[in-house]
Structures are given as structure tokens and as C-alpha cells.
There are 2 protein chains.
Amino acid sequence: MSRTPLHPTREQIELPMVLDCLSDPIRLAIVYQLAQQERVSSELCCGDFSGLGAKSNLAYHFAKLRECGLMQTRVAGTNRFMRLRREDLDARFPGLLDAVIKSAARDAGRLQVLSGCDVVKMD
Amino acid sequence: MSRTPLHPTREQIELPMVLDCLSDPIRLAIVYQLAQQERVSSELCCGDFSGLGAKSNLAYHFAKLRECGLMQTRVAGTNRFMRLRREDLDARFPGLLDAVIKSAARDAGRLQVLSGCDVVKMD
DNA sequence: CGCAATGTTCAATAGTTCTTGAACAAATTG
DNA sequence: CAATTTGTTCAAGAACTATTGAACATTGCG
């Protein structure tokens with residue numbers, strides 16, 4: 001395993017890449033779960049998403065999420081802890097992440113990959 | 001040419017499809033131009049986007065935008081007039097369209113397809 | 001009616017994305 | 001050190017996307 005994976009700088013985060021990343025139901029579910037986790041200010045590791053698919057497929061989606069700047073990975077032992085890059089995203093695209101997460105929360109019932117998540121009422 | 005093309009109902013509009021639609025730079029530019037046009041409360045027809053690519057490619061992107069519920073097409077003579085489905089989108093995904101358009105406006109310089117558009121300061 | 005204007009549809013192609021299982025790498029634990 | 005745990009990387013395949021030019025359909029106009 002390599003060291004901490006590469007992440008784009010805040011300024012390198014691009015709108016189309018972020019939107020494309022969020023448009024995949026599995027990645028949207030990952031982001032959604034990370035957003036829920038923000039409330040208790042802790043991180044999640046890869047294994048916490050095992051309900052969303054096979055390990056190798058998740059690793060593929062994690063890489064996409066990192067490359068587009070949506071999340072950050074911190075290596076700790078055999079685990080990788082992940083969190084949303086909330087500050088960078090809010091700085092680059094104000095209101096976007098909140099709107100997406102809120103919309104996903106409202107639509108949790110019809111976004112089948114989200115159905116397994118803890119659904120929390122937003123607002 | 002057929003009659004007025006099919007559009008999804010408000011409730012049929014899906015978040016992942018909308019995000020995917022917005023993630024293509026050409027479609028983002030189309031949506032952006034339509035958003036600018038909202039200010040003068042008028043519509044645009046297909047030809048107004050000829051700067052963005054070949055006719056047949058634009059027709060492809062227009063179809064995508066219609067199918068995902070982002071825009072509506074009205075047939076009038078040999079023209080099709082298009083507008084954003086602002087009310088439906090705001091009802092389904094509050095704040096999302098504004099956040100995307102505002103972010104696109106800020107990044108107009110680096111979204112090369114937008115460079116040819118009238119860039120207007122938002123806020 | 002014949003011709004031009006406006007868009008759509010079709011077929012073909014090149015490139016991309018998602019998914020899977022197997023192999024691999026690094027750290028931890030006995 | 002050997003075995004386990006945790007994730008990543010690789011190769012391969014199926015499916016989808018974007019793009020192009022040609023053909024087509026509809027309307028408007030001389």
C-alpha cells in the first residue's frame with residue numbers, strides 16, 4: 001500500500017468532475033453516508049461501506065471521489081479513514097454540496113443504494 | 001418532425017440523472033446560457049447554441065437535457081424554443097440549480113465551453 | 001409546388017465507465 | 001515469521017457516451 005493518496009488542491013477541483021462523481025448512485029451513497037458522519041465529526045473507513053458493493057468496486061469509486069476532490073483519505077495502519085472535503089467544496093461551490101445531500105435525503109426512498117443507509121431528516 | 005417532445009413529470013425527475021446531465025461541459029454551457037436568458041424571461045432556440053458544436057451533436061445533448069427534466073422544449077414553426085424547468089427543479093432539488101449555475105459563473109474562465117457565453121456576474 | 005431553414009434521427013466509431021475476481025501490498029497480531 | 005486484515009491494482013468484459021456526417025421530417029416562403 002502506498003502512502004497517503006494524492007488529492008487535488010482546492011483550486012484544482014473542477015465543477016464538471018464533481019457533478020459527474022456525484023451522478024453515480026454508489027458514489028452518491030458514499031458521499032451521503034460521509035455527510036451523515038460529519039454530524040458526529042468522525043471519519044469512516046472503507047469497510048463501513050461494504051453494503052454498497054464489492055471491495056474492488058468500492059476502491060474504484062473511492063479513487064474517483066478522491067481524484068475529483070470530494071473526499072480525503074487518511075492512512076492509519078491497515079485502515080483508510082475518509083471524510084468529505086467540506087471546507088474546500090463549500091469554498092469552491094457554495095451551497096452545492098448541501099443542496100445535493102439534502103436532495104438525496106429527500107429522495108432516499110427512490111435512490112435504492114441509499115436505502116440501506118441511516119436516513120436522517122434534514123431540516 | 002414530431003410534435004412536442006416528451007418530458008418527464010416533476011416527480012419523475014431523478015437526482016443522479018440531473019447531476020449526470022450537468023456534468024457534461026456542453027450541457028452545462030447550454031443550461032448556463034438558458035439561465036442567463038431567464039433574466040429577460042425569454043426562450044432560446046437550438047440555433048442560438050451553434051457556438052457549442054455541430055447541429056446533430058447539440059440535438060443529442062438537447063434530448064438528454066429534456067429526458068432528465070432540466071429543460072422544456074416548445075415547438076413553434078420550424079423552431080424549438082427551450083427554457084429551464086426552473087420551478088420543477090427548485091421544487092425537487094431546492095438550491096441545486098442556483099448553486100450549479102453560480103459555481104459555473106465563477107468558473108466561467110476555466111470552463112472553456114462557457115468562455116464564448118455572455119458571462120454575467122451573479123451576486 | 002419547389003426550395004430553403006430548422007432540427008431530429010440514424011449508423012458508425014472511438015473512447016470511457018462500471019463491474020468482477022484474482023493478485024498484490026502494507027500493517028497488525030499471534 | 002506466518003497468518004490475518006484492510007484496501008488497492010490489474011486485466012478483461014459488457015455497457016454506455018459523445019461525436020460526426022448523411023438522410024430525413026416539418027414548416028415557411030417565393
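So that the names make sense, note that chain A is the first sequence line, chain B the second, and so on, each numbered from 1. Just so you know, these numbers come straight off a predicted model, no measurement behind them.
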Could you check how far CG of B/Leu52 sits from C1' of C/dG7, rounded to whole Å?
16 Å
List in chain and number order the residues that pass side chain to side chain contact (heavy atoms under 4.5 Å, CB included) with B/Pro16, two or more places apart in sequence or in another chain; answer none if no residue qualifies.
A/Leu28, A/Leu111, B/Glu14
Taking CG from A/Asp48 and P from D/dT6, how many angstroms apart are they, rounded to a whole number?
10 Å
Can you give one letter per nucleotide of nucleotides 14-23 of chain D, going 5' to 3': B for a protein heavy atom under 4.0 Å from the base, S for sugar-phosphate only, - for none?
---SBBBBB-
Counterpart residues, side-chain hydrogen bond (donor to acceptor under 3.5 Å, both in side chains), relative to A/Ser42 (two or more places apart):
A/Gln37
Give the rounded distance in Å between these two atoms: CE of A/Met17 and C1' of C/dT17.
13 Å
Quiz: residues 52-69 of chain A side-chain donor-acceptor pairs under 3.5 angstrom, not counting sequence neighbours:
unit_1	atom_1	unit_2	atom_2	d
A/His61	ND1	A/Arg27	NH1	3.1
A/Arg66	NH1	A/Thr73	OG1	3.1

Quick check: do B/Phe93 and A/Lys102 have side-chain heavy atoms less than 4.5 Å from each other?
no
So does B/Arg80 get a side-chain nitrogen or oxygen closer than 4.0 Å to the phosphate oxygens (OP1/OP2) of C/dT6?
no
A/Thr78 has a side chain; which of D/dT26, D/dT8, D/dT6 sits nearest to it?
D/dT6
Under the salt bridge (charged side-chain N to carboxylate O under 4.0 Å, His left out) definition, can you give me all pairs with a residue in residues 42-52 of chain A, not counting sequence neighbours?
A/Glu43-A/Arg74
So, OP1 or OP2 of D/dG7: does either fall under 4.0 Å of a side-chain N or O from A/Arg66?
no
Over how many whole Å does the gap from B/Phe81 atom CZ to D/dT26 atom P extend?
19 Å
Can you measure B/Arg74 atom CZ to C/dT6 atom P for me and round it to whole angstrom units?
16 Å
Salt bridge (charged side-chain N to carboxylate O under 4.0 Å, His left out) pairs, two or more places apart, involving residues 81-97 of chain B
A/Asp107-B/Arg92, B/Arg10-B/Asp88, B/Glu38-B/Arg86, B/Arg85-B/Asp88, B/Arg86-B/Asp90, B/Arg86-B/Asp98
Within the pair B/Asn79 and C/dA5, is there a side-chain N or O less than 4.0 Å away from OP1 or OP2?
no
